[in-house]
Amino acid sequence: EQRYSPTYNTEKYAEKLSQYTEFIKGKEYFLENVAVMMYFSKCYPFTGGKGKIWESYLQFAQNFAAFKFMLVCGIEGQHTVQGMIDTTVNYSRNFENNAENTKNIKEFTQEKQLDTLGYVAVLLL
């Protein structure tokens with residue numbers, strides 16, 4: 001079995017992160033609105049079943065971190081409001097509302113023991 005081996009370009013990521021950081025200034029309300037929408041649509045009252053508050057919170061943190069990563073890296077060229085909206089729609093359609101993706105992330109997280117408070121703290125930075 002051949003495994004996918006990603007390549008990393010930290011310089012390009014740093015450049016995109018800098019563009020994003022400058023662009024999002026004064027638009028933080030957008031992230032707040034997305035976070036509230038994610039929480040109430042997917043994690044409330046608790047997606048993991050009765051008494052599974054931690055699993056719900058973990059799912060929220062993973063989804064929000066993935067969304068922020070998409071905002072940084074998923075917009076071609078310069079960041080624009082339209083690009084931010086398009087990325088949000090694409091993320092929601094292809095990732096957040098895909099039960100198979102959610103299941104795979106949950107299994108991977110448990111397998112690699114990434115379901116700890118420390119892991120979640122790093123995700124939400």
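The chain is numbered in sequence order, starting from 1.
With values rounded to the nearest 0.5 angstrom, Leu71 atom CG is found 11.0 Å from Lys16 atom NZ. Taking CG from Leu31 and CZ from Phe64, the interatomic distance works out to 5.0 Å, rounded to the nearest 0.5 Å. Atom-to-atom distance recorded for Asn63:CG and Tyr91:OH is 4.0 Å, nearest 0.5 angstrom. The distance from atom CD of Glu28 to atom CG of Asn33, rounded to the nearest 0.5 Å, is 12.0 Å. For the atom pair Cys73 SG and Glu15 CD, the distance stands at 11.0 Å (nearest 0.5 Å). The OG atom of Ser92 sits 7.5 Å away from the CE atom of Met38 when rounded to the nearest 0.5 Å.
Within a 6.0 Å sphere centred on CD of Glu11, heavy atoms belonging to other residues, nucleotides or ligands number 12 at most. Gln113 CD: 12 or fewer foreign heavy atoms inside a 6.0 Å radius.
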Before giving the answer on side chain to side chain contact (heavy atoms under 4.5 Å, CB included), spell out for Phe69 and Tyr13 the whole-Å C-alpha distance, their side-chain angles and the decisive distance to 0.1 Å. CA-CA 10 Å; Phe69 181 78; Tyr13 177 76; 3.8 Å; yes
Checking side chain to side chain contact (heavy atoms under 4.5 Å, CB included) for the pair Tyr119/Leu58: CA distance, chi angles, key distance, verdict? CA-CA 9 Å; Tyr119 169 74; Leu58 185 61; 4.3 Å; yes
Full working for side chain to side chain contact (heavy atoms under 4.5 Å, CB included) between Trp54 and Val120: CA-CA 11 Å; Trp54 176 250; Val120 173; 3.8 Å; yes
Going through the distances and angles, do Phe23 and Val81 end up as a side chain to side chain contact (heavy atoms under 4.5 Å, CB included)? CA-CA 9 Å; Phe23 170 76; Val81 171; 4.2 Å; yes
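Panel note: side chain Thr88, backbone Met84; a donor-acceptor pair is recorded below 3.5 Å. Looking at Thr21, its side chain does come within 3.5 Å of a backbone N or O of Leu17 through a donor-acceptor pair. Proximity of a side-chain donor or acceptor of Gln62 to a complementary backbone N or O of Phe60 within less than 3.5 Å is not detected.
What you find for Lys68 and Leu124 is that their closest heavy atoms are NZ-O, 4.4 Å.
At a threshold of 4.5 Å between side-chain heavy atoms, the hydrophobic network of Ile, Leu, Val, Met, Phe, Trp and Tyr places Leu117 and Val122 in two separate groups.
In this structure, Ile24 and His79 have side chains that are not in contact, with every pair of non-hydrogen atoms separated by 4.5 Å or more.
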